[in-house]
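Residue indices begin at 1 and follow the sequence shown. Model, not experiment: these values are computed from the prediction.
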Amino acid sequence: MKLFLYTLAIISTTTFVHSQVGINTENPTRILDINGDLNLRKELRIGGTDIVAGEAGTKDQLLQIKADTDTKNNWKTYQIANGTGSLSLYYLNTTKDDTGILFNTTGSTAPYNMDDNATDWTFLTKNKDNFVVTDGTGSSKVTLSLQTTVQINRASGSASYSASFACGIFLKKGTEAYKLKAVRSDVVRGLRGSYKIFNLNVTLDKLAQGSYEVQAACRNRNLGSGNNLVNLGIGQPTDITKLNQAMASSTMTTTLLHPY
């Protein structure tokens, strides 16, 4: 009789260890299946064994659920860059334009206003990007950085000369028209083949939810006239003895930050 009871106890224990337990559910699908709220008063440990306690993580870490390439869930530390407050990196991409723009006529030197449309501007066609703002609090920010090379040339003459130009960054939301969000004018001076690096950076905040498209564009200003007319290349060389296309190419980086 005692042997029977001992055997029954062992069988019952074995069955209990390998069965699934449900709380507030009649058909549990996991070893412990809770249909309801879980109130955890102390720490959560993961990755333990019968001998060693699991890892509880440390302050400011997040629990990352395993991906296909991981063998288990992990505690992860995420470093937030100084100055971003409660924002984290959501999207980062760099586009490269290796076509550029050539201007060989003079243009207008009139000033520009924020939210102007793209009339009379020429796009750097490959410096174009798309991003989506999913946050609905208006706290997201996007930083846009354009870098290009500008070179001058002239058909004749060896004296020093100059050409003025402007580059801008245009943004549109959904099906709206492009609007100017950043602009800077500059001048290249020097002998034939002279060039300079041009940079333009802007941070836009209070972005509403939605899909956005951003593109860089440039325009000619004063290029002279007659025998003094200057050829201006933006993102492309005008004198290949001093500059090639790889050196002249334009890049634009889009960095989107979301609250977390």
Checklist entry - Rounded to the nearest 0.5 Å, how far does CG of L144 lie from OG1 of T254? => result 5.0 Å

Checklist outcome for this item: When every non-hydrogen atom of D120 is compared with those of R219, the smallest separation belongs to CB-NH2, 3.6 Å

Checklist entry - Should P28 and V21 count as side-chain neighbours, where that means a heavy-atom distance under 4.5 Å? => result no

Checklist entry - Distance-only, no hydrogens or angles: does the T149 side chain make a donor-acceptor pair with backbone N or O of M247 under 3.5 Å? => result yes

Next on the checklist: In this structure, would V202 and V133 fall into the same cluster of hydrophobic residues linked by side-chain contacts under 4.5 Å?
Outcome noted: yes

Next on the checklist: Using every non-hydrogen atom in the two residues, find where P237 and L243 come nearest and quote the distance to one decimal.
Outcome noted: CB-O, 3.4 Å

Checklist entry - With the threshold set at 4.0 Å, does a side-chain nitrogen-carboxylate oxygen contact exist between K179 and D115? => result no

Next on the checklist: So does G193 get a backbone contact from the side chain of Q151, meaning a donor-acceptor N/O pair under 3.5 Å?
Outcome noted: yes

Next on the checklist: On a heavy-atom basis, which atom in L180 and which in F170 lie closest, and how many Å separate them?
Outcome noted: N-CD2, 3.5 Å

Item to check | Lys/Arg N to Asp/Glu carboxylate O, K126 vs D98, below 4.0 Å | outcome: yes

Checklist entry - Is the distance between the ring centroids of F131 and Y90 less than 6.0 Å? => result no

Checklist outcome for this item: dist L257:CG -> S140:OG (nearest 0.5 Å) comes out at 8.0 Å

Item to check | Any donor-acceptor pair under 3.5 Å from R192 side chain to I152 backbone | outcome: no

Checklist entry - Do the non-hydrogen side-chain atoms of L124 and Q215 ever get within less than 4.5 Å of each other? => result no

Checklist entry - Taking all atoms of both residues into account, what is the closest heavy-atom pair of S139 and L87, and its distance? => result O-CD2, 3.6 Å

Next on the checklist: Let's go through D186 and K196 carefully: what are the C-alpha distance in whole Å and the side-chain angles of both, what is the deciding distance for side-chain contact (heavy atoms from CB on, under 4.5 Å) to 0.1 Å, and is it a yes or a no?
Outcome noted: CA-CA 10 Å; D186 207 340; K196 71 186 304 180; 3.0 Å; yes

Next on the checklist: For a quick test of reading the model, state the closest non-hydrogen atom pair linking L256 to V142 and the distance between them.
Outcome noted: CD1-CB, 4.2 Å

Item to check | Any donor-acceptor N or O pair under 3.5 Å, side chains S250, T148 | outcome: yes

Item to check | CG (L92) with more than 12 external heavy atoms under 6.0 Å | outcome: yes

Next on the checklist: Quick one: does any side-chain atom of N24 pair with a main-chain N or O of N35 as donor and acceptor, under 3.5 Å?
Outcome noted: yes

Checklist entry - With no hydrogens and no angle check, is any side-chain donor or acceptor of K173 less than 3.5 Å from a backbone partner on Q209? => result yes

Next on the checklist: With a 6.0 Å cut-off (strictly less than), is the heavy-atom count around CZ of R221, excluding the residue itself, greater than 12?
Outcome noted: yes

Item to check | Distance (rounded to the nearest 0.5 Å) between N153 CG and I240 CD1 | outcome: 10.5 Å

Item to check | Donor-acceptor pair, side chain of S185 and main chain of A166, under 3.5 angstrom | outcome: no

Checklist entry - Should we count OH of Y195 as having more than 12 external heavy atoms under 6.0 Å? => result no

Checklist entry - Mind checking whether L146 and L171 sit in one hydrophobic cluster, side chains of I, L, V, M, F, W, Y counted as touching below 4.5 Å? => result yes

Item to check | Approximate separation, where rounding is to 0.5 Å, of K181 NZ and T203 OG1 | outcome: 14.0 Å

Next on the checklist: side-chain contact (heavy atoms from CB on, under 4.5 Å), that's the test. Do N199 and I197 meet it? Break it down for me.
Outcome noted: CA-CA 7 Å; N199 291 284; I197 304 299; 3.9 Å; yes

Checklist entry - Can T94 and T253 be counted as having a side-chain donor-acceptor contact under 3.5 angstrom? => result yes

Checklist entry - Can you find a heavy atom in the side chain of F165 that is under 4.5 Å from one in the side chain of V188? => result yes

Checklist entry - Strictly by modelled atom types, are S164 and N222 linked by a side-chain donor-acceptor pair under 3.5 Å? => result no

Item to check | Pair N130, Y91: side-chain N/O donor-acceptor within cut-off below 3.5 Å | outcome: no

Next on the checklist: Given 3.5 Å as the limit, does a donor-acceptor pair link the side chain of N127 with the main chain of T95, or not?
Outcome noted: yes

Checklist entry - Do S145 and N201 have side-chain N/O donor and acceptor atoms under 3.5 Å apart? => result yes

Item to check | From NZ (K141) to CG (D135), nearest 0.5 Å | outcome: 12.0 Å

Checklist outcome for this item: In terms of heavy-atom contacts, C167 and F198 come closest through CB-CE2, 3.4 Å

Item to check | Residue list, ring-ring contact (aromatic ring centres under 6.0 Å, His included) with Y178, at least two apart or on another chain | outcome: F123

Checklist entry - Could you walk me through whether I169 and L200 pass the side-chain contact (heavy atoms from CB on, under 4.5 Å) check? => result CA-CA 8 Å; I169 294 177; L200 177 60; 3.9 Å; yes

Would you be so kind as to tabulate the donor-acceptor pairs closer than 3.5 Å made by side chains of residues 225-235, with sequence neighbours excluded?
| residue | atom | partner | partner atom | Å |
| --- | --- | --- | --- | --- |
| N228 | OD1 | R154 | NH1 | 3.4 |

Next on the checklist: Any side-chain to backbone donor/acceptor pair from D97 onto G100? Under 3.5 Å, distance only.
Outcome noted: yes

